[in-house]
K.L.:
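Dropping the structure in here first, questions after.
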Amino acid sequence: MRIPRAAAGAAAVLVLAGGGVLMGAAGAQAAPTACHTVIRVVPVTVVVPQQVYENGHWVTKYVTMTRYETISTVVCD
């Protein structure tokens with residue numbers, strides 16, 4: 001079974017050469033060399049309901065609190 005000439009030419013255009021360089025129809029592009037994870041801790045303000053005993057009965061009050069959320073992002077150079 002033969003591969004049509006157009007398909008063989010298109011397959012030959014995209015070649016991953018040694019050294020992390022992607023050869024394509026538009027020219028050579030450098031592939032990402034290294035990826036690493038960036039971890040950040042971000043403060044988040046939330047409103048939390050709390051039960052408070054006032055004047056002989058329980059009352060719901062809303063209190064603002066600050067929580068710290070961890071956000072991780074993958075960054076490729």
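The figures here come from the full heavy-atom set of this structure, side chains too, leaving out hydrogens, waters and symmetry mates.
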K.L.:
I need the Ile39 CD1 to Thr70 OG1 distance, nearest 0.5 Å.
P.N.:
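Here the rounded value is 7.5 Å.
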K.L.:
Starting from Val38 and following side-chain heavy-atom contacts under 4.5 Å between hydrophobic residues (I, L, V, M, F, W, Y), which residues can be reached?
P.N.:
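ILVMFWY cluster around Val38 also holds Val75.
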K.L.:
Please name all residues satisfying side chain to side chain contact (heavy atoms under 4.5 Å, CB included) with Val52, sequence neighbours left out, ordered by chain then number.
P.N.:
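Partners of Val52 under the side chain to side chain contact (heavy atoms under 4.5 Å, CB included) test: Glu54, Lys61.
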K.L.:
List in chain and number order the residues that pass side chain to side chain donor-acceptor pair (under 3.5 Å) with Arg67, two or more places apart in sequence or in another chain; answer none if no residue qualifies.
P.N.:
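Partners of Arg67 by the side chain to side chain donor-acceptor pair (under 3.5 Å) criterion, ordered by chain and then number, come out as Glu69.
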K.L.:
Other than Val47, which residues form its hydrophobic cluster under the rule that side-chain heavy atoms must be closer than 4.5 Å?
P.N.:
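Members besides Val47, by chain and number: Tyr62.
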K.L.:
Restricting to side chain to side chain contact (heavy atoms under 4.5 Å, CB included), what partner residues turn up for Gln50, sequence neighbours left out?
P.N.:
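Checked Gln50 against side chain to side chain contact (heavy atoms under 4.5 Å, CB included); matches are Val63.
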K.L.:
Which residues satisfy the side chain to side chain contact (heavy atoms under 4.5 Å, CB included) test with Tyr53, sequence neighbours excluded?
P.N.:
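With sequence neighbours excluded, Tyr53 shows a side chain to side chain contact (heavy atoms under 4.5 Å, CB included) to Trp58, given in chain and number order.
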K.L.:
Can you list the other members of the hydrophobic cluster that holds Val41, where links are side-chain heavy atoms under 4.5 angstrom apart?
P.N.:
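Noted: Val41 shares its cluster with Tyr68.
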K.L.:
Residues two or more places apart in sequence or in another chain: which of them pass side chain to side chain donor-acceptor pair (under 3.5 Å) with Thr60?
P.N.:
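For Thr60, the residues satisfying side chain to side chain donor-acceptor pair (under 3.5 Å) (neighbours in sequence not counted) are Gln51.
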K.L.:
Within the side chain of His57, is there an N or O that forms a donor-acceptor pair under 3.5 Å with the backbone of Asn55?
P.N.:
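Yes; judged by distance alone, with no hydrogens or angles, the pair exists.
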K.L.:
According to the salt bridge (Lys or Arg N to Asp or Glu O under 4.0 Å) rule, which pairs have a member within residues 36-53, sequence neighbours left out?
P.N.:
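Every candidate salt bridge (Lys or Arg N to Asp or Glu O under 4.0 Å) pair involving residues 36-53 fails, so no pair, neighbours aside, qualifies.
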